[in-house]
Visitor: 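Sending over a structure as structure tokens; questions will come in a sec.
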Amino acid sequence: MIENFIKNYLNHPQTYDEMFLSSDQYRNHYQNFIKNFSKESLENLNKKEELAKKLFMSQGITFTVYDSGEGIEKIFPFDIIPRIITSSEWAFIEKGITQRLKALNLFLKDVYSNQFILKDKIVPINVIYSCPHFLREMHHVNVLHDIYIHIAGIDLIRDHDGTFYVLEDNLRTPSGVSYMLENREITKRLFPDLIPQCGVRSVTEYPAILYKNLMALSPRAVSNPTIVLLSPGMYNSAYYEHTTLARLMGVELVEGRDLVVKNQKVFMKTTTGLQQVDVIYRRVDDDYLDPLVFNPNSVLGVAGLMGVYRKGNVAIVNAVGNGVADDKAVYTYVPDMIKYYLNEEPILKNVPTYQLSNRDELDYVFANINEMVVKKTNGSGGYGMLMGHAASEEETEAYKIEILKDPRNFIAQPTISLSSAPCFINGKLAPRRIDLRPFALNGPDGISIVPGGLTRVALKEGSLVVNSSQGGGSKDTWVLTS
């Protein structure tokens, strides 16, 4: 069975394939999987794929795409072939993310207090002060345990030679962890024997570690602090994730209208009266958190919340103002932050990045735009990008005009040939491009990274865009025991 698959598997030239070394030879760490997987018939695999779709739909594992102003709910496409990572590769990734997170957390503490990194001209002051997510309201706010980044989703890609690069840091309200957890549950249903036979490490501890960290953040010395997950509500694209995490941790899922501020404390409305809230795991963006401080039209937040936060009477996860550290223009300076704060060489590399506010770099990018990916510094979800190699001349010229209006809002990166992995598509194995978002949890006891993450897949043939909003899907990520 597997021989037929391999025979017809056509990988892209100049692309690192996760499973195959060549068209007829697969990598050692896939051997065990292939030995077991090859016993499956094509008919059986088609049935398993169909079952996965039904399970995703019946359990409401969906996300919302906003198109023409309408919210369309879709299931997150799932590929049944797992992506496998060796224990040594994972040790390298874990070490690199831990280092990066430490430096970024120190940067946030510094930039909202003494600003040594700006005074020493490691990061240009104008890059920070022109960032819309740099919040002066956070200046000299005492953040509990000095932890700004409690939860991070760090996007990694591999180039054609197998080198890992950090594509993006997600440090505000990173999403996707529920899909990582559900992908594993679905795989257990589809291939119940494969996971133990292949020696795959577990990801299911994530909610327990997060809950333990949230408990440890309580400003009140009580044995059972009140923790809530603050959601914008059911029309948010990640609402399924909010409900899942609240359920798995056993905490209340609330919206802004369920909370009220009194006497410099936050309370939750309950049927038995007001109950003081100690920790808020918020999935609401900064701008909507407190209408008295940020957007006055917001109905998603809680009036007076920032006053309670400044007093230290409530912990907010992630900290307010983190967006300045994951702005794509600031991303360029993360390797310098690692050297500056930790006196270490970066373990994980950045993708080479051009700041379009710099005239020389802008000229170079415009001259080579067909080989570039140009992004908005505060864009997300794969929206608003220019893929130079795939864009028409008209699209490129229109995009250049947009860039020239405000070059600070754009960065450019050379087109990286993302690694590919086999996907089960229409009864055949076909290569599709992938990335990886591991999730790191930072608490008073240190940084924990569950062994795995969300592998996102560009399901459209030839596409390099993995975002679910742009037609991407995902697959289970297996980290092997040593």
Visitor: Taking the ring centre of each residue, are F33 and F37 less than 6.0 Å apart?
Guide: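 When the ring centroids of F33 and F37 are compared, they turn out to be within the sub-6.0 Å range.
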Visitor: Mind checking side-chain contact (heavy atoms from CB on, under 4.5 Å) for S88 and listing every partner two or more places apart, or none if nothing turns up?
Guide: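 If we apply the side-chain contact (heavy atoms from CB on, under 4.5 Å) test to S88, skipping adjacent residues, the hits are T86.
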Visitor: Partners of L480 by side-chain contact (heavy atoms from CB on, under 4.5 Å), sequence neighbours excluded?
Guide: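 side-chain contact (heavy atoms from CB on, under 4.5 Å) list for L480, sorted by chain: H29, I84, V200.
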Visitor: Answer yes or no: is there an ion pair linking R433 with E461, defined by an N-O contact shorter than 4.0 Å?
Guide: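 Salt bridge between R433 and E461, a charged N being under 4.0 Å from a carboxylate O: no.
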Visitor: Taking only residues two or more places apart in sequence, or in another chain, which ones meet D285 in a side-chain contact (heavy atoms from CB on, under 4.5 Å)?
Guide: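 Scan of D285 (side-chain contact (heavy atoms from CB on, under 4.5 Å), adjacent residues dropped) gives T173, Y288.
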Visitor: Which residues pass the salt bridge (Lys or Arg N to Asp or Glu O under 4.0 Å) test with K109, sequence neighbours left out?
Guide: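 In terms of salt bridge (Lys or Arg N to Asp or Glu O under 4.0 Å), with neighbours along the sequence ignored, K109 is linked to D146.
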Visitor: I'd like to know if R83 and D476 make a salt bridge, using a cut-off of under 4.0 Å between side-chain N and carboxylate O.
Guide: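 Salt bridge flag = no for D476 with R83.
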Visitor: In this structure, is the centre-to-centre distance between the rings of F410 and Y399 below 6.0 Å?
Guide: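 They qualify: ring centres under 6.0 Å apart.
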Visitor: Identify, with sequence neighbours excluded, every residue that meets side-chain hydrogen bond (donor to acceptor under 3.5 Å, both in side chains) alongside N213.
Guide: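 Partners of N213 by the side-chain hydrogen bond (donor to acceptor under 3.5 Å, both in side chains) criterion come out as none, since no residue qualifies.
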Visitor: Please determine if K339 and E344 form a salt bridge, counting it only when a charged side-chain N lies under 4.0 Å from a carboxylate O.
Guide: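 Result for this pair is no, no salt bridge flagged.
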Visitor: Heavy-atom count around N426 CG within 6.0 Å, excluding the residue itself: above 12?
Guide: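 No, not enclosed.
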Visitor: Would you please name every residue forming a salt bridge (Lys or Arg N to Asp or Glu O under 4.0 Å) with D406, sequence neighbours left out?
Guide: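 In terms of salt bridge (Lys or Arg N to Asp or Glu O under 4.0 Å), with neighbours along the sequence ignored, D406 is linked to no residue.
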Visitor: Could I get the full list of side-chain hydrogen bond (donor to acceptor under 3.5 Å, both in side chains) partners for Q355, not counting sequence neighbours?
Guide: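 For Q355, the residues satisfying side-chain hydrogen bond (donor to acceptor under 3.5 Å, both in side chains) (neighbours in sequence not counted) are T332.
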Visitor: Test your reading of the model: is there a side-chain donor-acceptor pair from D79 to the backbone of F424, 3.5 Å cut-off?
Guide: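 Yes; judged by distance alone, with no hydrogens or angles, the pair exists.
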Visitor: What residues, two or more places apart in sequence or in another chain, satisfy side-chain contact (heavy atoms from CB on, under 4.5 Å) together with I347?
Guide: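 Partners of I347 by the side-chain contact (heavy atoms from CB on, under 4.5 Å) criterion, ordered by chain and then number, come out as F92, K95, Q99.
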Visitor: For E205, which residues count as a salt bridge (Lys or Arg N to Asp or Glu O under 4.0 Å) partner, sequence neighbours excluded?
Guide: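 Partners of E205 by the salt bridge (Lys or Arg N to Asp or Glu O under 4.0 Å) criterion come out as none, since no residue qualifies.
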Visitor: Who are the side-chain hydrogen bond (donor to acceptor under 3.5 Å, both in side chains) partners of Q31, not counting sequence neighbours?
Guide: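 Expected list: N28.
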Visitor: Check I425 against A430 and note the closest heavy-atom contact, atom names and distance.
Guide: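 Shortest heavy-atom separation between I425 and A430 comes out as CD1-CB, 4.5 Å.
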Visitor: Quick test of your reading of the model: are R27 and D17 salt-bridged, counting only N-O distances below 4.0 Å?
Guide: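 Here R27 does not pair with D17 in a salt bridge, since their nearest N and O are not under 4.0 Å apart.
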Visitor: For E50, give me all partners under salt bridge (Lys or Arg N to Asp or Glu O under 4.0 Å), at least two apart in sequence or on another chain.
Guide: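 E50 satisfies salt bridge (Lys or Arg N to Asp or Glu O under 4.0 Å) with no other residue.
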Visitor: Partners of Q197 by side-chain hydrogen bond (donor to acceptor under 3.5 Å, both in side chains), sequence neighbours excluded?
Guide: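 Expected list: none.
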